[in-house]
Structures are given as C-alpha cells and as structure tokens.
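This report concerns only the one structure given below.
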Amino acid sequence: MLLTGWSGRCATCAFRSPTAATFARHGIEKIRLTGGEPLVRRNLERLIEMLAAIPGIDLTLTTNGSLLAKKAQALKAAGLKRITVSLDSLDDAVFMKMNDVDFPVARVLDGIAAAAAAGLTPIKINMVVKRGVNDASILPMARHFRGSGHILRFIEYMDVGHTNGWRMDDVVTARQIIAMIDAEAPLEPVDPNYRGEVAERWRYRDGSGEVGVIASVTQAFCRDCTRARLSTEGRLYTCLFATAGHEFKPLLRGGASDAEIGLAIDEIWRGRGDRYSEIRTEATVPLQKIEMSYIGG
Ligand SMILES: C[S@@+](CC[C@H](N)C(=O)[O-])C[C@H]1O[C@@H](n2cnc3c(N)ncnc32)[C@H](O)[C@@H]1O
C-alpha cells in the first residue's frame with residue numbers, strides 16, 4: 001500500500017482498514033494499492049470497500065491490467081475511484097521483454113477499455129522507458145492514447161531493487177521523451193495539480209489531451225516526496241529505494257492503541273532523511289534495496 005499526503009502505498013496488504021484509518025487521522029490523504037499485482041489478491045473488493053469507507057481518502061490502484069477486464073466493474077462497485085495501468089509497449093514482443101509476463105498487450109487494452117466503461121477515470125497509463133528495449137514505442141504509445149482521455153505517463157527507468165542491472169545508459173530522460181513527442185505533436189507545460197506531484201504535466205497544444213513524465217532519475221523530487229509504503233509483511237518504508245523498513249506488524253497485531261500507533265507513525269515520519277534519488281550514482285546501484293514487488297512502484 002502506498003500512503004501519500006504525506007501521500008501513502010499498500011503492497012496489498014498487512015494494512016486493515018482500522019490501521020488505514022489511523023494513518024488517515026495522521027495526515028494520509030491518498031492510498032494506492034500496488035504490489036506485486038493487486039488484482040490477484042483474494043477478497044480485494046472487500047479491502048477496497050473498507051478503505052473506501054475512510055473519510056477524506058483518495059483511493060486508487062496500480063495494476064498490470066491482466067485481470068482488469070474481468071474485475072473493473074466490481075472494483076468500481078466496491079468504491080475504487082480511479083486506476084493506473086502499466087503498459088510499456090503496444091508491441092507484444094517488446095511488452096513481454098520489458099515485463100517478463102505471459103499475456104498479450106490486447107488483454108491490457110481490453111482492461112483499460114473496461115475500466116473506462118466502469119468509470120474508473122481519469123485512467124493513467126504508466127510506461128517505463130528503457131533505452132534500446134522500448135524507446136521505439138514512445139511515439140506509437142503517444143499516438144495511441146492521444147485523444148483517448150487517458151493520461152499516458154512516461155517513467156524514467158530506475159534502479160529499483162538490486163537485481164535489475166540498471167545503468168545510467170539505460171535511461172531515456174524525460175527531456176528527451178518530451179522533445180520527441182513535441183517534434184511530432186507540439187506540447188506545452190501544465191501546472192502541477194498539487195505540490196509534490198511526481199509527474200510533470202504536459203498537454204497537446206491542439207487540446208487533444210495530456211501526457212506526463214516522471215523524471216525520478218534526472219530530476220529527483222526527494223524534497224517534495226510525501227510517500228510511504230506498507231508491505232504485505234507489515235513493514236513501513238519511507239523511500240522506494242529503502243534498504244530496510246520499520247516493523248509495524250507487532251504494533252498492529254499486538255493490541256497497540258490508536259494513540260500508540262499514531263506516535264510510532266509520527267516518530268518514523270519525522271525521523272526520515274531519505275534522499276536516494278539525489279545521491280544516486282552507479283556506485284549506489286548495488287545497495288541491497290528492497291525489491292519493488294514488495295513495496296510497490
Ligand atoms: C512495480 S508495478 C506494481 C503494480 C502492478 N503489478 C503493475 O504492474 O502495475 C508499479 C509501477 O512501477 C513501475 N516500474 C516498474 N519497474 C520500474 C523501473 N525499473 N523503473 C521505473 N518504474 C518502474 C511500473 O511502471 C508500474 O507502473
């Protein structure tokens with residue numbers, strides 16, 4: 001689960017609704033269910049119902065889209081407001097090379113259509129760009145989603161975890177991506193929706209929609225980051241590039257009062273000093289960072 005506001009995420013999830021409500025009372029404004037793949041979680045709809053009942057929480061979810069066509073209506077009925085779908089190419093071979101998955105692009109596109117029909121909007125599409133693997137998919141993806149009402153966001157390839165073999169040479173920068181699209185379909189910048197928004201917003205000058213870039217490598221936004229992540233094992237992480245988390249499960253399951261949990265949250269949050277993206281070099285890449293599948297993207 002990604003908790004934000006301090007914007008916060010649950011990697012689906014040691015969090016039960018009373019815990020999420022405690023976080024909400026301590027300033028969380030947004031919860032993102034991520035993973036891992038949230039749509040494979042048993043009783044996900046029930047979890048969404050409980051989270052959706054917390055006042056003042058913006059509830060969303062990030063998925064690979066493989067089960068979305070089947071589940072979109074039920075997710076909406078459970079109280080999910082909107083959704084983000086990961087899609088790195090429209091070409092099956094490139095898509096599978098990026099993600100090591102065994103389902104075709106058509107399944108994800110069907111999922112996106114089902115989510116739109118269910119009203120899980122605005123839909124964001126996340127495309128991670130890796131040089132030499134899917135950079136040739138940037139313009140086809142931009143063309144495909146221009147005018148669709150969905151917001152395509154390009155993410156700079158990051159050294160998440162410690163097994164993805166990241167090199168700076170793999171990164172196509174947000175600047176390069178915007179320049180590429182702008183040369184074909186002129187863009188202009190748009191103000192952020194709120195302070196700390198991770199995606200930089202751009203719109204087509206002809207009014208045919210919006211794209212975003214997440215420049216977490218070339219334009220680190222650690223100073224404005226308001227995100228925490230709660231893993232399925234009940235550990236709280238204050239950075240996507242953390243090497244260790246804070247044990248929360250004993251507190252959550254051990255009968256701690258709301259006030260005690262609140263104090264622990266405050267202490268962890270005030271004590272954090274994470275700035276990995278600001279200090280990243282090729283030398284920091286081998287650090288034993290927690291894999292993204294545990295704490296969500
Ligand atoms: C780790 S996935 C988990 C949720 C879900 N299974 C999915 O595929 O969307 C969450 C997000 O992380 C992003 N992501 C994965 N690997 C990344 C990397 N190396 N650099 C940047 N973003 C990455 C993906 O774009 C995806 O939208």
Side-chain angles (χ1 to χ4, degrees), residues 1-2 4 9-13 31-41 44 60-68 71-72 75 80 82-89 94-103 105 107-109 111-112 115 120 123-135 137-138 141 145 150-174 177 198-199 211-221 227 229-232 237 239-242 276-277 280 284-285 287 289-297:
M1 179 175 321
L2 186 82
T4 85
R9 260 175 223 206
C10 157
T12 73
C13 121
I31 293 178
R32 175 179 298 277
L33 297 169
T34 174
E37 174 48 42
L39 298 197
V40 301
R41 185 193 192 275
L44 175 65
T60 182
L61 178 152
T62 301
T63 173
N64 64 22
S66 63
L67 299 172
L68 189 53
K71 295 211 162 211
L75 296 175
L80 191 67
R82 57 198 174 80
I83 204 155
T84 298
V85 182
S86 305
L87 179 62
D88 296 334
S89 179
V94 176
F95 172 70
M96 288 179 193
K97 194 164 177 195
M98 279 296 286
N99 294 295
D100 206 16
V101 293
D102 61 355
F103 53 86
V105 169
R107 176 110 70 96
V108 184
L109 295 177
I112 293 170
L120 289 168
I123 297 175
K124 292 178 183 159
I125 317 290
N126 277 356
M127 172 177 172
V128 179
V129 182
K130 187 173 179 188
R131 187 180 297 284
V133 182
N134 70 335
D135 44 348
S137 297
I138 293 171
M141 284 281 286
F145 288 107
H150 310 325
I151 302 168
L152 176 60
R153 307 184 321 163
F154 300 91
I155 308 179
E156 290 180 348
Y157 182 60
M158 297 184 287
D159 54 329
V160 287
H162 59 277
T163 57
N164 77 350
W166 182 92
R167 295 171 316 132
M168 188 61 208
D169 289 351
D170 295 331
V171 179
V172 181
T173 69
I177 294 167
V198 297
V211 294
V213 279
I214 301 180
S216 33
V217 175
T218 59
Q219 297 165 56
F221 39 78
R227 295 174 166 224
R229 294 171 160 80
L230 192 69
S231 74
T232 46
Y237 296 88
C239 179
L240 175 58
F241 301 95
Y276 180 83
S277 289
R280 172 189 286 111
T284 61
V285 173
L287 283 174
K289 289 169 260 120
I290 308 298
E291 293 299 332
M292 205 183 213
S293 50
Y294 282 86
I295 55 175

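Ligands are counted one by one from 1 in listed order, and the atoms in each one are counted from 1 as well. Not measured: the values here are computed from a predicted model.
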**Prompt:** Taking non-hydrogen atoms only, is D88 closer than 4.0 angstrom to ligand 1 via side chain, backbone, both or neither?
**Reply:** neither
**Item:** Nearest-0.5 Å distance that lies between atom CD in E156 and atom CE in M168
**Value:** 7.0 Å
**Message:** Tell me which one of N134, D170, D135, N164 satisfies side-chain hydrogen bond (donor to acceptor under 3.5 Å, both in side chains) with Y157.
**Reply:** N164
**Request:** Could you pull out all residues at least two apart from F103 that satisfy ring-ring contact (aromatic ring centres under 6.0 Å, His included)?
**Result:** F95
**Message:** When you compare ligand 1 with E37, is there at least one nitrogen or oxygen pair between them that comes in under 3.5 angstrom?
**Reply:** yes
**Asked** Under 3.5 Å, N or O to N or O, is T34 touching ligand 1 that way?
**Response** no
**Item:** Subset of ligand 1 atoms that lie under 4.0 Å from at least one heavy atom of G35
**Value:** 1 (C), 3 (C), 4 (C)
**Pairwise distance CG(L287) to CG(D159) - rounded to 0.5 angstrom** = 9.0 Å
**Prompt:** For the side chain of R131 and the backbone of V171, is there at least one donor-acceptor N/O pair under 3.5 Å apart?
**Reply:** yes
**Distance, nearest 0.5 Å, that separates OG of S216 from CZ of R280** = 6.5 Å
**Message:** Polar contacts were defined as any N/O atom of the residue lying under 3.5 Å from an N/O atom of the ligand; does this apply to S86 and ligand 1?
**Reply:** yes
**Asked** Can you name the ring-ring contact (aromatic ring centres under 6.0 Å, His included) partners of Y276, sequence neighbours left out?
**Response** F241
**Request:** Could you list which atoms of ligand 1 come closer than 4.0 Å to a heavy atom of N64?
**Result:** 5 (C), 7 (C), 8 (O), 9 (O)
**Side chain, backbone, both or neither: M127 near ligand 1, heavy atoms under 4.0 Å** = neither
**Request:** Show which atoms of ligand 1 fall inside a sub-4.0 Å distance from at least one heavy-atom site of Y157.
**Result:** 19 (N), 20 (N)
**Item:** Reported CG-to-CG distance for the pair L39 and N64, which is rounded to 0.5 angstrom
**Value:** 7.0 Å
**Request:** Kindly confirm or rule out an N or O of M158 lying under 3.5 angstrom from an N or O of ligand 1.
**Result:** yes
**Request:** Flag V160 as yes when one of its N or O atoms lies below 3.5 Å from any N or O atom of ligand 1, and as no otherwise.
**Result:** no
**Sub-4.0 Å atoms of ligand 1 with respect to non-hydrogen atoms of G36** = 3 (C), 4 (C), 5 (C), 6 (N)
**Prompt:** For ligand 1, does I155 get within less than 4.0 Å through its side chain, its backbone, both, or neither, judged by non-hydrogen atoms?
**Reply:** side chain
**Request:** Using atom types as modelled and distance alone, determine if a side-chain donor or acceptor of T60 lies under 3.5 Å from a backbone N or O of R82.
**Result:** yes
**Message:** Any nitrogen or oxygen of N126 lying under 3.5 Å from a nitrogen or oxygen in ligand 1? Just yes or no.
**Reply:** yes
**Asked** Atoms of ligand 1 less than 4.0 Å from N164 heavy atoms?
**Response** 19 (N)
**Any donor-acceptor N or O pair under 3.5 Å, side chains S137, S89** = yes
**Item:** Heavy atom of S293, distance to ligand 1 below 4.0 Å
**Value:** no
